[in-house]
Amino acid sequence: MRKIILALLLCCASTAARADWQNTHWSMSVDEVHALYPDAQSLAPEQLKQLTTPAHVPQLFVPYAEDGYGYKAYFYFAPGTQRLSMVQLYLEPGGDSAALLKSLLDRYGKGETDIGPNNAMKVRVQNWKVDGDAVTYAFFPELAPSTGVKYVGPSQAAPK
């Protein structure tokens, strides 16, 4: 019985295991993520430059499928520590953006809709806070890729 209680306490106390995407955990190294996804590839220099932000550097991507959706999953790492800080999924062309949003709403609840003051591009953004992590769905009807889901770790998630 003590072993079960200790295991539960360790699981509850761990902040690194809060990622809500697959088997990844926040603060994993590039090598640890690559070990989980041996087919993951490095980004081309022009893609790396395009996707890098001050807080997140994409190091790996891998094709991924779940619930009938095809994605490209990008693994971003904090520049100073080289530890996993964000996972971003881009829905492959032909994917059903509305069904994906419904699936996320069913999973996380209503969340907050953020349309923005100048919405000429008809962007749809839905945000959730899940155990300290930020989850964002974004639909860009005039850009390719048009739909993405982003999971950001607690140390990188902006407070609401």
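Starting from 1, each residue takes its place in the sequence as its number.
- Considering only heavy atoms from C-beta on, Y71 comes within 4.5 Å of L100 through its side chain.
- In this structure, K72 and Q88 have side chains that are not in contact, with every pair of non-hydrogen atoms separated by 4.5 Å or more.
- For Y90 and E92, the side-chain atoms include no donor-acceptor pair closer than 3.5 Å.
- Considering every non-hydrogen atom in both P54 and P79, the closest pair reads O-CG, 3.3 Å.
- Residues R83 and S29 form a side-chain contact, since some pair of their non-hydrogen atoms from C-beta on lies under 4.5 Å apart.
- Between D133 and K129 there is no salt bridge, since no side-chain N of the basic residue sits under 4.0 Å from a carboxylate O of the acidic one.
- Between T136 and the choices V149, L104, V152, N127, the side chain to side chain contact (heavy atoms under 4.5 Å, CB included) rule is met once, by N127.
- Atoms CZ and CD, on F61 and Q47 in that order, are 6.0 Å from each other to the nearest 0.5 Å.
- Between Y108 and W128, the ring-plane angle classifies as tilted under the 30° and 60° cut-offs.
- Remark: side-chain polar atoms of S103 are not paired, donor with acceptor, to backbone N or O of A99 under 3.5 angstrom.
- With contacts defined as side-chain heavy-atom distances shorter than 4.5 Å, the pair D106/K102 qualifies.
- The main-chain N or O of L60 is never found under 3.5 Å from a side-chain atom of Y37 such that the two would form a donor-acceptor pair.
- To the nearest 0.5 Å, atom OG1 of residue T52 and atom CD of residue Q50 are 10.0 Å apart.
- Here the straight-line distance linking atom NE2 of H25 with atom CG of L84 works out to 10.0 Å at 0.5 Å rounding.
- Here W26 contributes atom CH2 and Y151 contributes atom OH; the two are 9.5 Å apart, rounded to the nearest 0.5 Å.
- S97 has its side chain within reach of Y137: a pair of non-hydrogen atoms, C-beta onward, lies under 4.5 Å apart.
- Side-chain N or O atoms of H56 include none that pairs as donor or acceptor with a backbone N or O of A78 at under 3.5 Å.
- Side-chain atoms of L43 and Q59, non-hydrogen and from C-beta on, never get closer than 4.5 Å to each other.
- Aromatic ring orientation, Y74 versus Y76: tilted (interplanar angle from 30° to 60°).
- The side-chain heavy atoms of L36 and M28, taken from C-beta on, include a pair separated by under 4.5 Å.
- By the 4.5 Å heavy-atom criterion applied to side chains, V87 and L89 are counted as neighbours.
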